There are 2 protein chains.
Amino acid sequence: MVDTTWRPASADPELACPIAPVVDIVFSRWTTPILWALHEYGRQRFVELERRIGAITPKVLTQRLRRLERDGMVTRTYHAEVPPRVEYEITALGRSLAPLFAGLAEWGAAHLDEVRGARDAYDADPARPRP
Amino acid sequence: MVDTTWRPASADPELACPIAPVVDIVFSRWTTPILWALHEYGRQRFVELERRIGAITPKVLTQRLRRLERDGMVTRTYHAEVPPRVEYEITALGRSLAPLFAGLAEWGAAHLDEVRGARDAYDADPARPRP
DNA sequence: CGGTATCCTTTACGATACTG
DNA sequence: CAGTATCGTAAAGGATACCG
């Protein structure tokens with residue numbers, strides 16, 4: 001008789017990888033720089049963040065901040081003045097990522113050159129598949 | 001006289017955030033599970049990876065593996081047999097991420113519940129902006 | 001100042017079929 | 001087995017303009 005109750009780990013997708021959910025929350029093109037800026041420079045207004053991060057547009061900055069707020073990584077404080085003032089601050093939950101961010105920065109400093117070298121070597125070989 | 005040589009850090013975009021380049025290389029929906037699988041279970045064939053990761057399609061798996069190979073994180077070894085056999089293995093460069101991955105897994109175990117709680121609280125408030 | 005509103009492009013990802 | 005080809009979807013992001 002065949003056991004039909006068994007399922008491969010693959011049946012529930014990438015949850016076999018325990019860090020996939022963390023990646024989904026913290027690591028995207030703009031969320032990481034936003035969290036970094038809030039951690040490095042403390043509580044900031046919308047326009048300060050915008051200027052510090054640079055190329056981001058207000059639309060995208062708002063979207064990312066809203067999601068970070070929803071996930072408990074950031075708080076938003078509205079001051080009803082004229083002109084209006086809104087301040088964003090990283091939460092304790094957000095700050096708990098700091099050692100990991102530091103580790104990633106260190107990894108980058110130590111290994112990014114090697115990645116670039118691998119890339120150049122790969123691209124230099126005409127036999128390699130190209131997108 | 002005005003110094004026109006000065007530029008705000010924002011002039012070169014998110015490079016103000018030292019981990020942005022690392023994020024670009026390592027953290028996307030599928031690259032992280034792929035690296036995790038290769039690190040946890042060692043050298044594997046294409047179909048083994050495919051089955052272990054689960055929901056990924058062969059097209060996407062190929063795309064991600066190619067990029068990881070180009071970035072020096074993974075090696076691809078082709079054996080001309082019938083049927084053909086291809087083995088993927090994580091490199092020393094890829095393995096150097098292991099402590100960081102472990103740290104992220106630990107962070108998830110410790111804080112994912114808090115994130116879910118924050119989400120629920122946010123969603124429960126009808127006054128919150130919705131997408 | 002702190003956003004929204006529109007419109008557009010790019011990119012990842014997904015479904016399905018097919019091949020050396 | 002290890003992919004490739006071709007289609008389509010959806011989300012992220014970008015450009016620009018406008019508003020309370």
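Because the structure is predicted, anything quoted here is derived from the model rather than measured. Proteins come first, then strands; the chains are lettered A, B, ... in the order of their sequence lines, and each starts at number 1.
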Assigning hydrophobic clusters by single linkage (Ile, Leu, Val, Met, Phe, Trp, Tyr; side-chain heavy-atom cutoff under 4.5 Å), is V86(A) placed with Y122(B)? no
By nearest nucleotide on DNA chain D, pick out whichever of Q63(A) and P84(A) is the more 5' one. Q63(A)
Within this structure, what is the CD1-to-C1' distance between I34(A) and dA12(D), rounded to whole angstrom? 13 Å
L65(A) CG to dT4(C) C1': how many Å, rounded? 15 Å
Quick one: the side chain of K59(B) and the base of dG3(D), do they pair up donor-acceptor inside 3.5 Å? no
Could you check how far CG of L68(B) sits from P of dA12(C), rounded to whole Å? 13 Å
Send over the distance from E50(A) CD to dA15(D) C1', rounded to a whole Å. 14 Å
Rounded to whole angstroms, how far apart are CD1 on I56(B) and C1' on dA12(C)? 11 Å
Select one nucleotide: of dG14(D), dG3(D), dG2(C), the one nearest the side-chain heavy atoms of R76(A). dG2(C)
Comparing nearest nucleotides in DNA chain C, the 5'-proximal residue of the pair T57(B), P129(B) is P129(B)
Which atom names give the shortest non-hydrogen contact between I25(A) and L68(A), and what distance separates them? O-CD2, 4.5 Å
Does the side chain of R67(A) get closer than 4.0 angstrom to OP1 or OP2 of dA11(D) through an N or O atom? no
Side-chain donor or acceptor of Q44(A) paired with backbone N/O of G42(A) under 3.5 Å: yes
Protein-nucleotide distance (I53(A), atom CD1; dA12(D), atom P), rounded to Å: 17 Å
Protein-nucleotide distance (E69(B), atom CD; dA2(D), atom P), rounded to Å: 15 Å
Would you say R45(A) places a side-chain N or O within less than 4.0 Å of OP1 or OP2 belonging to dC1(C)? no
Can you figure out which of dG13(D), dG14(D), dG3(C) approaches the side chain of Y88(A) most closely? dG3(C)
Working for salt bridge (charged side-chain N to carboxylate O under 4.0 Å, His left out), residues E69(A) and R128(B): CA-CA 10 Å; E69(A) 192 192 356; R128(B) 300 306 191 131; 2.9 Å; yes
Taking D71(B) for the side chain and M73(B) for the main chain, is one N or O donor matched with an acceptor at less than 3.5 Å? no
Consider the side chain of R64(A), meaning its heavy atoms from C-beta on, and name the nucleotide among dG14(D), dT4(D), dA12(D) that approaches it most closely. dA12(D)
Look at W30(A) and dA11(D) and indicate whether a side-chain polar atom (N or O) is within less than 4.0 Å of OP1 or OP2. no
Nearest whole Å is fine: how far is dA12(D) P from D24(B) CG? 16 Å
Can you check whether R29(B) has a side-chain N or O nearer than 4.0 Å to OP1 or OP2 of dA11(D)? no
